[in-house]
Amino acid sequence: MRGSRVAIVIMALLAAPPASLAMNSYDDPRVILSYMDRSLDGPQDILRVKTTITTDDRLAFQVKTRAGEAQPQGADYILLEVQHDRSYRYLLPVDPALGDRVLAYTAEHAADSPLVAGSTLSQPGSSAFLAGRIPNGVEYSVPLTWLDYGAKIAFDAYTLRGQVLPEGFLIEEIYDRGAKGSQEQRLVSPIMLLNNLCATRR
Amino acid sequence: MLQTNPSMIRAFFAGLVGALVLSSTAQGAFVTLPIPVPLGPEAIELIHDAGEADDRQWKLVVFGFTRCSDICPRSVENLSKLVRIASDKKISMGGVFVTIDPDRDTDSVLDRYTAPFGENTTFLRLQDAALERFKSEFGVEAVFYTKNQGNAFHYQVDHSSTAFFIDPAGRIRLVFDALEDVSSAEKMLRENQAFFQ
């Protein structure tokens with residue numbers, strides 16, 4: 001029992017964040033933290049979605065999944081969804097052997113084209129986003145010129161199984177979502193996102 | 001008797017991972033906005049009214065509070081330094097420190113706080129809805145901790161350490177970290193004066 005008390009004291013000390021990090025992580029517009037789900041294979045389990053600004057002035061969205069022994073399934077994808085003036089969806093196969101071709105789709109309103117099993121993404125999207133592989137994940141990026149400062153922005157990521165059909169991309173199963181459990185996506189102004197990304201303290 | 005349960009442990013590790021992730025994101029950035037972001041008329045008027053009445057004057061804006069012990073003094077010092085460099089380079093520029101804690105930062109407190117930095121560094125004190133509107137133009141958030149009637153002096157406020165260059169037309173042109181990216185801003189003022197014309 002004494003050991004468990006000591007453990008709790010240590011946990012409490014470790015958990016006390018520095019002042020610059022005291023703001024609730026879950027309110028931070030820069031990042032989505034996702035609960036680890038051991039029932040999923042590593043590449044299917046999203047750990048976080050983090051935004052950053054690259055040295056060539058691009059807004060990057062890094063989707064990181066859990067490392068795992070499991071081999072990527074051919075039909076598995078990492079999808080990034082960005083809500084802005086409309087809904088933008090980008091997909092890259094988890095398996096690098098399938099190449100780095102990015103699939104781009106869009107929707108006027110996310111609610112009109114929900115990301116659920118059985119739905120088909122049919123409206124081709126903008127090619128403004130690039131994608132590249134990072135350790136245990138994918139980085140999507142877009143030039144800062146793409147941002148519309150009059151529209152709010154939110155983002156999320158999904159791991160899913162699906163296939164490309166003549167009429168679009170069929171979502172067969174959704175494994176995980178970055179903001180799973182959140183009530184709703186937090187829409188913020190682009191300047192708020194930039195403000196937070198530029199600051200080392202908040 | 002103290003007991004642990006799975007939800008406590010999950011919350012602990014989520015918080016710890018969050019802190020680590022945010023630590024790793026805290027790199028700062030110096031961003032020249034490819035498309036200037038216009039402020040609203042109210043914010044433009046407030047900024048113009050702060051400091052010299054010069055329609056050609058750029059403004060360098062930072063947010064903070066006077067009781068901040070570490071971040072804000074450094075960010076205002078850096079603001080003042082950049083304003084001096086601008087002056088040396090014949091760029092009309094005024095520094096504006098915007099308090100996010102107007103309850104305690106009265107005009108006289110702010111006057112004393114900014115006076116040592118010279119006449120080109122001034123302050124802006126807004127309250128309630130006006131402050132919220134102004135902050136939202138810059139995407140600034142502030143969260144108060146332990147601020148209550150019984151704790152008037154020892155409290156902490158989370159806010160970003162970002163600085164903003166505003167052009168004479170009232171548009172945000174540059175966004176950078178007031179602590180880490182000052183050398184980049186200084187270089188810009190010294191070597192790219194055409195940007196500020």
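Scope of the values below: all heavy atoms of this structure, side chains included, with no hydrogens, waters or symmetry mates. What you see is a predicted model, and the numbers here were worked out from it, not measured in a lab. Residue numbers start from 1 in every chain, and the chains themselves are labelled A, B, ... in the order their sequence lines are given, proteins ahead of strands.
Rounding to the nearest 0.5 Å places CG of B:Asp177 at 11.5 Å from CG of A:Leu197.
Counting non-hydrogen atoms of neighbouring residues, nucleotides and ligands closer than 6.0 angstrom, the CD atom of B:Glu119 reaches no more than 12 such neighbours. Heavy atoms from other residues, nucleotides or ligands lying under 6.0 Å from NZ of B:Lys187 number 12 at most. More than 12 non-hydrogen atoms from other residues, nucleotides or ligands lie less than 6.0 angstrom from CD of A:Gln163.
Within the structure, the side chain to side chain donor-acceptor pair (under 3.5 Å) test picks out the following pairs touching residues 143-158 of chain A (sequence neighbours left out): A:Asp156-A:Arg177.
When each of A:Asn195, A:Ile191, A:Leu194 is paired with B:Ile172, the side chain to side chain contact (heavy atoms under 4.5 Å, CB included) condition holds for A:Ile191 and for no other.
A salt bridge is defined here as a Lys NZ or Arg NE, NH1 or NH2 lying under 4.0 Å from an Asp or Glu carboxylate O, and A:Arg186 with B:Glu141 meets this definition.
Scanning residues 124-139 of chain B against chain A with a 4.5 Å heavy-atom cutoff picks out B:Ser136, B:Glu137, B:Phe138, B:Gly139, ordered by number.
A:Cys198 and B:Val31 make their closest contact through SG-CG2, 3.7 Å (heavy atoms, listed as atom of the first residue, atom of the second, distance).
Contacts of A:Arg66 classified as salt bridge (Lys or Arg N to Asp or Glu O under 4.0 Å), with partners at least two apart in sequence or in another chain: A:Asp45.
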Enumerate, atom names and distances included, each donor-acceptor pair closer than 3.5 Å involving a side-chain atom of residues 120-135 of chain A, sequence neighbours excluded.
from     : atom 1 : to       : atom 2 : distance (Å)
A:Ser126 : OG     : A:Ala128 : N      : 2.9
A:Arg133 : NE     : A:Asp100 : OD1    : 2.9
A:Arg133 : NH1    : A:Pro93  : O      : 2.9
A:Arg133 : NH1    : A:Val94  : O      : 3.4
A:Arg133 : NH2    : A:Pro93  : O      : 2.9
A:Arg133 : NH2    : A:Gly99  : O      : 3.0
A:Arg133 : NH2    : A:Asp100 : OD1    : 3.3

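Ranked by non-hydrogen atom pairs under 4.5 Å with chain A, the options B:Val37, B:Thr32, B:Ile35 are led by B:Val37.
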